[in-house]
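Below you'll find the structure, written out as structure tokens, and then a few comments.
Below, all heavy atoms of this structure are taken into account, side chains as well, without hydrogens, waters or symmetry copies.
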Amino acid sequence: MNAVQLEGVQQHYGKTQVLKDFSLNLKEGEVLGLFGHNGAGKTTSMRLILGLLQPTEGSVKVLGMEARDPEVRRQLGYLPENVMFYPQLTGRETLIHFARLKNADARQVEELLSQVGLQHAANRRVKTYSKGMRQRLGLAQALLGNPRLLLLDEPTVGLDPIATQDLYVLIDRLRQGGTSVILCSHVLPGVEPHIDRAAILAQGRLQSVGTLSELRGQAELPTRIRALGLEQRDHWLQHWTNAGYAARPLSLNGLEITTRADDKITLVRSLLSQADPADLEIQQPSLEDLYRYFMEQAHAQQAEGARV
């Protein structure tokens, strides 16, 4: 059973269509990154999964049930992009309040405050919290009741680099414990190691979904290999250029060669056996590169459709 299953979803707000033939699944214990520009349909997708919206067409199943089923909501945690709390309550009182609403064990509160790094501020009123601290409190709220499904909408907003890394460590731990996670974010650097698959939305359509390896295969973007500490660097530059590769010199006797992903192993072996570099760096297309590629594809398709 999938944790989330959307099939053929069409979503309209009046005359505006925001999701078009949208199908997506989330496996149990999987972390899915949902990425797209503002207005792409990410928040609408979240609201459908939360049961706050009913699809105009298509079906939405969450944990094998209808999204609006009360049993689903008891097993679901949600962190919105802009968290709002009662400003006069303390951090501890806020979590106790939400534990009652979710019928969760209030004994979790102290552990969660510690997990998100707010134990020192547990007795301070929320109105004195910084944006990052409120974001941490929102994450603790989402984790009440040990949810089977966790929806995180821009979870790193307001977090410093250390807190962001702590968040990803927590997500890794939740995944290992079997929790399914959908993570929406505009901040792509740092996300790659912590997601199993990426789904890229544009203009309400799913442009691509898969592991990073699968997306790289679809995009066929070049891989860059840097050979550093070469003797006779200029000789090897000419050699690989004559062999048909795009090559350019780098400082400190370095050389960068651009190649297809399916050719990188052959090239690395050749570099090691012939040029004997002191070091090698392999730069595959990043999540940012893939995102840009699929966004450009979406814009090209939209422009082509406008001309027809």
Side-chain angles (χ1 to χ4, degrees), residues 24 27 30-37 40 156 161 164-165 168 171-172 175 183-203 205-304:
L24 184 68
K27 301 169 187 174
E30 179 184 36
V31 178
L32 175 73
L34 185 59
F35 308 113
H37 56 82
T156 61
T164 297
Q165 190 57 40
Y168 288 136
I171 290 174
D172 291 342
R175 171 172 51 186
L183 188 158
C184 288
S185 181
H186 285 109
V187 184
L188 302 186
V191 174
E192 290 186 36
H194 307 285
I195 60 175
D196 296 297
R197 289 188 300 150
I200 298 175
L201 269 172
Q203 283 93 40
R205 294 189 184 276
L206 187 62
Q207 288 297 120
S208 189
V209 60
T211 64
L212 292 180
S213 178
E214 290 168 343
L215 296 186
R216 287 178 181 127
Q218 294 172 31
E220 296 185 338
L221 295 176
T223 295
R224 291 179 173 83
I225 298 176
R226 293 186 167 191
L228 306 175
L230 294 171
E231 294 184 10
Q232 299 181 322
R233 191 269 311 276
D234 292 343
H235 164 76
W236 292 114
L237 174 64
Q238 189 63 45
H239 172 80
W240 294 112
T241 301
N242 291 340
Y245 291 94
R248 69 182 183 92
L250 301 174
S251 61
L252 301 176
N253 291 326
L255 178 66
E256 181 181 271
I257 304 174
T258 301
T259 184
R260 302 186 315 273
D262 60 2
D263 191 41
K264 67 177 182 288
I265 299 300
T266 300
L267 179 57
V268 166
R269 285 174 177 161
S270 295
L271 280 165
L272 290 173
S273 64
Q274 297 182 50
D276 191 26
D279 194 12
L280 276 182
E281 295 177 359
I282 300 177
Q283 297 181 342
Q284 298 193 94
S286 67
L287 179 57
E288 289 180 274
D289 296 328
L290 294 166
Y291 177 81
R292 179 183 294 276
Y293 170 82
F294 286 110
M295 285 295 106
E296 289 174 351
Q297 290 288 102
H299 292 319
Q301 291 165 6
Q302 186 182 37
E304 181 65 27

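- Listed by chain and number, the residues in a side chain to side chain donor-acceptor pair (under 3.5 Å) with S208 are Q218 (sequence neighbours excluded).
- In this structure, L255 CG and R248 CZ are separated by 9.5 Å, a value rounded to the nearest 0.5 Å.
- For the pair I225/V268, a side-chain contact is recorded, criterion being any heavy-atom separation below 4.5 Å from C-beta on.
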Side chain to side chain contact (heavy atoms under 4.5 Å, CB included) between F35 and L290, intermediate numbers included: CA-CA 11 Å; F35 308 113; L290 294 166; over 6 Å; no
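- Looking at heavy atoms from C-beta onward, L230 lies in side-chain contact with P277 at the 4.5 angstrom threshold.
- Take A40 and apply the side chain to side chain contact (heavy atoms under 4.5 Å, CB included) test, not counting sequence neighbours, and it matches H37, L201.
- For P189, the side chain to side chain contact (heavy atoms under 4.5 Å, CB included) partners are V187, E288, not counting sequence neighbours.
- Listed by first then second residue, pairs satisfying salt bridge (charged side-chain N to carboxylate O under 4.0 Å, His left out) with a partner in residues 275-285 number zero, not counting sequence neighbours.
- For D289, there are no salt bridge (Lys or Arg N to Asp or Glu O under 4.0 Å) partners at least two apart in sequence or on another chain.
- Counting heavy atoms from C-beta on, the side chains of T259 and P222 never come closer than 4.5 Å.
- Here L267 contributes atom CG and D262 contributes atom CG; the two are 11.5 Å apart, rounded to the nearest 0.5 Å.
- By the salt bridge (Lys or Arg N to Asp or Glu O under 4.0 Å) test, R216 is found to be paired with E192, residues two or more places apart in sequence or in another chain being considered.
- Residue pairs meeting the salt bridge (charged side-chain N to carboxylate O under 4.0 Å, His left out) criterion with at least one member in residues 229-246, sequence neighbours excluded, do not occur.
- Taking every heavy atom of both residues into account, A202 and Q207 meet most closely at CB-CG, 3.7 Å.
- Across all their heavy atoms, S273 and S270 have their closest contact at OG-O, 3.2 Å.
- To the nearest 0.5 Å, atom CG of residue L237 and atom CG of residue N242 are 9.0 Å apart.
- In this view, H239 and W236 satisfy the ring pair (Phe, Tyr, Trp, His ring centres under 6.0 Å) rule, not counting sequence neighbours.
- Comment: K27 does not engage D196 in a salt bridge, judged by the lack of any side-chain N to carboxylate O separation of less than 4.0 angstrom.
- Remark: R292 engages E296 in a side chain to side chain contact (heavy atoms under 4.5 Å, CB included) (not counting sequence neighbours).
- In this structure, the side chains of H194 and Q165 come closer than 4.5 Å at one or more pairs of heavy atoms.
- Residue pairs satisfying the ring-ring contact (aromatic ring centres under 6.0 Å, His included) criterion with at least one member in residues 264-294, sequence neighbours excluded, are absent.
- Each of T156, L34, I171 was evaluated against L183; a single residue qualifies, I171, per the side chain to side chain contact (heavy atoms under 4.5 Å, CB included) test.
- Atom CG of L228 sits about 7.5 Å away from atom CG of L280, to the nearest 0.5 Å.
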Test log, rule side chain to side chain contact (heavy atoms under 4.5 Å, CB included), inputs L24 and L32: CA-CA 10 Å; L24 184 68; L32 175 73; 3.7 Å; yes
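- Take R224 and apply the side chain to side chain contact (heavy atoms under 4.5 Å, CB included) test, not counting sequence neighbours, and it matches E256, T258, Q283.
- Note that OG1 of T266 is 9.0 Å distant from CZ of R260, once rounded to the nearest 0.5 Å.
- The minimum heavy-atom distance linking L215 with A198 is given by the pair CD1-CB, 3.9 Å.
- Among pairs with a residue in residues 245-282, those fulfilling ring-ring contact (aromatic ring centres under 6.0 Å, His included) read W240-Y245, at least two apart in sequence or across chains.
- Summarising the geometry, atom CD belonging to Q203 is positioned 7.0 Å from atom CE belonging to M295; distances are rounded to the nearest 0.5 Å.
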